[in-house]
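This report concerns only the one structure given below.
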Amino acid sequence: MAEYFTRFSCLLDVGTIENAARALDIYNDLVAQNAAEEPPAEPFLLSIEPEHGPTRLWMRDPGTADPQLLITFVTRCAETFGLAGRWGFQWVGVASEARIDGFSGGAHILDLTTGQTVEWMSSGRWLADRLALGDAS
């Protein structure tokens with residue numbers, strides 16, 4: 001039986017070293033809140049790595065993770081630190097074994113100032129919509 005995984009890796013610049021340290025507290029609070037959910041979402045990993053700079057948070061899956069939990073975290077950081085502009089990330093969905101429905105992906109763009117989604121897309125939905133256009137002709 002195939003297992004399904006959601007993979008991503010992205011950065012968020014929180015502006016200062018102090019904000020980066022505070023972001024770790026936001027992350028720990030979110031993970032604790034998430035653990036109380038039934039069922040909990042698959043958490044992501046968070047770290048500050050020298051090669052990315054001291055104000056940039058590296059967020060990635062540990063094998064699989066829930067993109068919505070990442071979006072919630074980024075939104076909380078944006079609100080707490082007064083971040084502005086746009087931020088986005090891509091993800092991929094993949095099965096552990098070859099399956100017809102074993103591949104997907106998408107992207108999400110947030111307005112950090114408002115915390116609102118600017119746009120998002122799912123490659124599976126995109127493909128289905130484009131194929132359906134062929135039926136209409």
Side-chain angles (χ1 to χ4, degrees):
M1 183 166 167
E3 295 181 73
Y4 291 83
F5 304 98
T6 302
R7 309 289 317 260
F8 57 81
S9 178
C10 54
L11 298 170
L12 174 67
D13 192 334
V14 292
T16 69
I17 293 170
E18 293 78 17
N19 286 353
R22 287 177 57 205
L24 296 175
D25 293 332
I26 293 170
Y27 173 78
N28 288 331
D29 289 345
L30 179 63
V31 169
Q33 290 171 1
N34 177 58
E37 297 291 322
E38 189 54 48
E42 293 286 340
F44 60 94
L45 301 176
L46 172 70
S47 63
I48 301 165
E49 302 294 329
E51 65 265 25
H52 301 306
T55 65
R56 298 177 89 193
L57 308 175
W58 181 30
M59 301 159 296
R60 70 245 181 235
D61 67 88
T64 191
D66 186 338
Q68 185 57 54
L69 200 60
L70 172 68
I71 293 165
T72 299
F73 172 73
V74 170
T75 302
R76 288 183 184 180
C77 285
E79 182 179 301
T80 301
F81 306 133
L83 303 180
R86 289 183 172 189
W87 173 86
F89 76 107
Q90 302 177 78
W91 71 89
V92 62
V94 63
S96 61
E97 300 174 18
R99 295 285 187 258
I100 298 300
D101 66 345
F103 301 94
S104 64
H108 198 108
I109 300 172
L110 287 176
D111 180 326
L112 294 175
T113 305
T114 65
Q116 299 297 308
T117 296
V118 174
E119 189 171 358
W120 72 276
M121 64 85 64
S122 160
S123 64
R125 180 78 262 148
W126 177 88
L127 180 60
D129 289 347
R130 294 325 176 271
L131 291 172
L133 290 174
D135 292 341
S137 49

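When a residue number appears, it is its place in the shown sequence, counting from 1.
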- Item | For Pro62 against Pro43, the heavy-atom pair lying closest together |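 Pro62 and Pro43 have their closest heavy atoms at CD-O, 3.5 Å.
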
If you measure from [atom1] on [X] to [atom2] on [Y], what distance do you get to the nearest 0.5 Å?
X	Y	atom1	atom2	result
Trp87	Leu11	CH2	CG	9.5 Å
Asp66	Glu37	CG	CD	11.0 Å
Leu57	Ile26	CG	CD1	9.0 Å
Gln68	Thr6	CD	OG1	12.5 Å
Leu30	Leu46	CG	CG	10.0 Å
Arg60	Arg7	CZ	CZ	11.0 Å

- Query: Less than 4.5 Å apart, any side-chain heavy atom of Asp61 and any of Phe44?
  - Reply: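 Side-chain contact under 4.5 Å: no.
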
- Query: Are any of the side-chain heavy atoms of Thr16 and Phe81 separated by less than 4.5 Å?
  - Reply: no

- Message: Check this for me: Arg86, atom CZ, are more than 12 non-hydrogen atoms of other residues, nucleotides or ligands nearer than 6.0 Å?
- Response: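 At most 12 heavy atoms, drawn from other residues, nucleotides or ligands, come within 6.0 Å of this atom.
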
- Atom CD of Glu119: over 12 foreign heavy atoms under 6.0 Å: no

- Is there any side-chain hydrogen bond (donor to acceptor under 3.5 Å, both in side chains) pair reaching into residues 20-33, and which pairs are they, with sequence neighbours excluded? Gln33-Arg76

Taking a hydrophobic cluster as the set of Ile, Leu, Val, Met, Phe, Trp and Tyr residues connected by side-chain heavy atoms closer than 4.5 Å, whether directly or through intermediates, do [X] and [Y] fall within one such cluster?
X	Y	result
Ile109	Leu112	no
Ile71	Val31	yes
Leu45	Ile48	no
Val118	Val74	no
Phe73	Leu24	yes

- Message: Over 60° means perpendicular and under 30° means parallel, so tell me whether Phe8 and Phe89 are parallel, tilted or perpendicular.
- Response: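 Perpendicular, since the angle between the ring planes exceeds 60°.
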
